[in-house]
Amino acid sequence: MLKSIQKIKGLGVYSDYTKPAGTQDFAVKNLIYGWNYSGKTSLSRLFSLLETKQSNPDLSGCAFTFETTSGLVTEANFDKSSLIVRVFNSDFIANNLNFTGGVFEPILLLGAESETAQKEIDRCEAMTKRATQLSQEYKNQSDSLEKSIRDAKTSEAAKIKKNLALVAAYTATHLQTDIVTVQLLDESQLLPTESYQADLKLALTSDQDRPTKVEEISHSLVLNSLFAEVKEVMERTPSLATTIDNLVKNPLIERWVETGLPIHNDKELCEFCGNKLGEHRIAELKAHFSKDLSDHKKMIDALLVRVGEALINLTTPAEAELNAKFRAQFKAGQSSAKKAIEKYNTAINALAADLKRKMDSPFVAAYPELIADTLEDDVLASLNEMNQAIRSHNLIADNFLKEKNGSITRLKKHFVQQFLDSFNLDRQNEKLAHLDRKMKKLEQCTQRFQAEISKLKAIISKAQQGREEINMRLGTLLGSEGVQIKVIKVGDQERFQLVRRDGTIAKHLSEGEKTAIAFSFFLTKLKELKPEELKLAIVYIDDPISSLDSNHIFQVTAMIKETFFYQEMEGGPWTTRCGQTFFSTHNFEFFSLLRELNPQKESSARHFLVKRIAPNKSSFGNMPNSMFRYSSEYHFLFDVLHQFQKAPDKTDFNVLMLLPNAVRRFVELYTFSKYPGTRSLTVDQRADRIFGPEKSKRILKVLHYFSHANNIERLAENNELIFDIEAAVNDLIDTIRVNDPLHMEALEAAVALP
């Protein structure tokens, strides 16, 4: 059942309606009163959405929330609501009847002779319904799963595009192509961490930042050849023919003498001791330091320089200059080179030490310290490993675009493989295939049941039963000579057509006839519902007495009572044949008659008022006590005036919206009761006689201006006449209080009742 309307937005005069605090929840019987243009029909159209469970283009953009006993129904989920709703309003008439003589869809009621066939139809329809429900459940699961897969692919494609900074489009469609490619490969496409990082860096490298070439490392290695030369020099000794034995045995003294000898040229005294130098001694010393010894030492000095120059002081490119994927190889070569070069330089330094030792003892044959034969090969191998990494890097630099595209391709496969592994796409596709097989089986079952239903329906004619039922109601409302329903054949289908008693097609119908036919059609059509469905149904009826006179209003009320309310036993409590009823009307007499229909208990009946409070805004709330307490519209109208006089803010738009129509209608009823003249006598003429020409003009001028529904927006304008409303109302009330005190006293006492 419906409990309340929580909100309505964007529906005609319900531009932004929220349930007012204190508004009662709906009951079994719900009466809604409101003047024309207040929003009653808009409410009925909102209920129609719950009936059709299909979007209405005329209500596009409308938002609403119904509170029900089983949860909230909104514009987002109303099409899935299980509520059974039937609505009578102007849309129902337009959609179901043809008043121009054409045919229209019949009401189909079950005849007694068809009960057996109908039971079988009911069984088949129940099975069909169950199969359809199951199929819909599977379809919902399938749709949800497909959406999940689509969303996952869309999200993954967007992630890949973002991660690789792709300029070209990469959508779920492109991803699906790559998924097929990866699934056809025999092995996982996941990249090792280092390869992934290297490929990602290359893929994200812009054309402007493409890598530059790195020079290869080269170094001349002479350790082995130097060792041979040092060995030869150390084994040689200069000639000893003129040597001084003491100097040979004392290398330090020899070097000291050799260093000091050149500064004593042309000197007679020794610079060290001051003694006289003999020519013989000088000649002897010069003979010791012969040309052979000098050449020998020069050879050692020159070789010592070359040995020093042979030390390797290796400068390599920075690791960051290389593509990331080759850095590990380069680093490994660097580490090996460091160790090999340390050993190489150690061997070079050993040769230098040997030469210095030979320099100190040139006349002593010696041998250099042995070195490993593989030192040069070890250095060359480590340099070659680094150069191999450099060459690989340079290959990328030379073929940047090709290598970059290759990285992107590998990364796409890597990301696709990650997606397949994490999302388990194969399993999801298996679920989809399983659901599809189930739906196909259910579809086959449904087709078999529908074929059986078609065969059974072919032997049942329910249109005649519907015709008899509706004609009986029309006879009550329009008399025995009124319009009737006739069943005619159109092809192989039965249709309804309106005819007169003489059999002629009824075309030019009065508004009263149209109303009677439409409402009779609606009440009869309710019988198409099964008893268990009718018991749950929510029925909304909007103004079924349009253009009907008072006598017909009583008849319509009686038909409503018979259709919807009954006693299970005489004297017992009244109950309803359906879940809930809603009746909306602008006719106070009809409202009063409906109010008297059982059930009347407060727990079973609710009364609401729809009123216009702005040009595009209406309210829906509890009916005021002043209107609910009395069967007369007259009391309610006076209460509106009375409340206005007591209102602290008389410019409140909610108050002003009701006032002009209320005063105009009140004046009509009051003047007619005081001066019941002929029909041609207008309210202005009656008011002139009762209030006097001057005062009646003051009262009615402003009210005529604001009271017409098509000029309701005038209240929203900045018009000086709005300030005369209070004075006009005061004049009216004061005049009646002075001229008709007993009348005023009774009215004030009535609205003061609790």
Side-chain angles (χ1 to χ4, degrees), residues 33-38 547 549-550 586-589 592 611-612 615 624 626-627 630-647 650-653 655-752:
Y33 180 78
W35 289 332
N36 285 331
Y37 307 102
S38 61
S547 303
D549 58 27
S550 297
H586 73 288
N587 186 293
F588 199 86
E589 180 182 10
S592 298
K611 61 181 180 180
R612 194 82 166 264
S626 59
M627 189 172 183
Y630 307 106
S631 59
S632 169
E633 181 185 12
Y634 188 61
H635 290 94
F636 168 65
L637 296 171
F638 178 75
D639 188 62
V640 173
L641 276 62
H642 187 66
Q643 293 297 328
F644 172 71
Q645 279 198 312
K646 295 193 302 180
K650 293 183 172 57
T651 63
D652 182 0
F653 204 68
V655 177
L656 290 176
M657 284 298 295
L658 277 178
L659 197 65
N661 271 316
V663 177
R664 182 178 62 81
R665 179 67 175 148
F666 179 83
V667 171
E668 285 178 351
L669 295 175
Y670 177 76
T671 58
F672 191 77
S673 68
K674 301 298 289 184
Y675 198 85
T678 62
R679 292 182 62 184
S680 61
L681 202 62
T682 66
V683 63
D684 298 76
Q685 292 169 332
R686 294 197 300 270
D688 284 348
R689 296 191 180 189
I690 296 171
F691 303 126
E694 182 178 346
K695 188 166 291 187
S696 70
K697 186 174 183 180
R698 176 175 176 78
I699 293 171
L700 292 174
K701 175 185 175 183
V702 62
L703 301 174
H704 280 322
Y705 182 80
F706 287 118
S707 65
H708 293 84
N710 60 340
N711 287 328
I712 203 164
E713 67 276 4
R714 293 178 178 178
L715 283 170
E717 298 174 355
N718 185 15
N719 192 310
E720 68 277 3
L721 283 177
I722 198 169
F723 300 108
D724 286 341
I725 291 180
E726 182 179 359
V729 172
N730 289 336
D731 281 348
L732 173 63
I733 299 299
D734 292 344
T735 301
I736 296 175
R737 180 175 284 110
V738 171
N739 297 338
D740 202 349
L742 292 178
H743 191 89
M744 180 57 64
E745 182 182 343
L747 284 174
E748 289 179 333
V751 299

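Once rounded to the nearest 0.5 Å, the distance linking CG of L747 with CG of L637 reads 10.5 Å. We find the OH-NE2 distance between Y37 and H586 to be 10.0 Å, quoted to the nearest 0.5 Å. One distance of note links CG of L641 with CD1 of I733; it measures 4.5 Å at 0.5 Å rounding. Here the CZ-OG distance, from R612 to S38, works out to 8.5 Å after rounding to the nearest 0.5 Å.
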**Request:** Could you walk me through whether V667 and F672 pass the side-chain contact (heavy atoms from CB on, under 4.5 Å) test, one step at a time?
**Result:** CA-CA 8 Å; V667 171; F672 191 77; over 6 Å; no
**Request:** Apply the test side-chain contact (heavy atoms from CB on, under 4.5 Å) to residues F691 and L732: give CA-CA distance (whole Å), side-chain angles for both, the deciding distance (0.1 Å), then the verdict.
**Result:** CA-CA 8 Å; F691 303 126; L732 173 63; 3.5 Å; yes
**Request:** List the steps and the verdict of side-chain contact (heavy atoms from CB on, under 4.5 Å) for F588 and R665.
**Result:** CA-CA 12 Å; F588 199 86; R665 179 67 175 148; over 6 Å; no
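Look at E748 and R737 and you find a salt bridge, because one of the NZ, NE, NH1 or NH2 atoms lies within 4.0 Å of a carboxylate O, short of that distance.
Using a 4.5 Å heavy-atom threshold, the side chains of I736 and F666 count as touching.
A donor-acceptor pair under 3.5 Å is absent between the side-chain atoms of Q645 and the main chain of H642, judged by distance alone. A donor-acceptor pair under 3.5 Å is absent between the side-chain atoms of R689 and the main chain of Y675, judged by distance alone.
For the pair E668 and R686, the tightest heavy-atom approach, listed with the atom from each and the gap, is O-NH2, 3.4 Å.
D740 and Y670 form a side-chain donor-acceptor contact under 3.5 Å, judged by distance and modelled atom types alone.
Applying the side-chain contact (heavy atoms from CB on, under 4.5 Å) criterion to N739, with sequence neighbours excluded, gives T735.
A side-chain hydrogen bond (donor to acceptor under 3.5 Å, both in side chains) with S696 is found for one member of T671, D688, D684, D731 and no other, namely D688.
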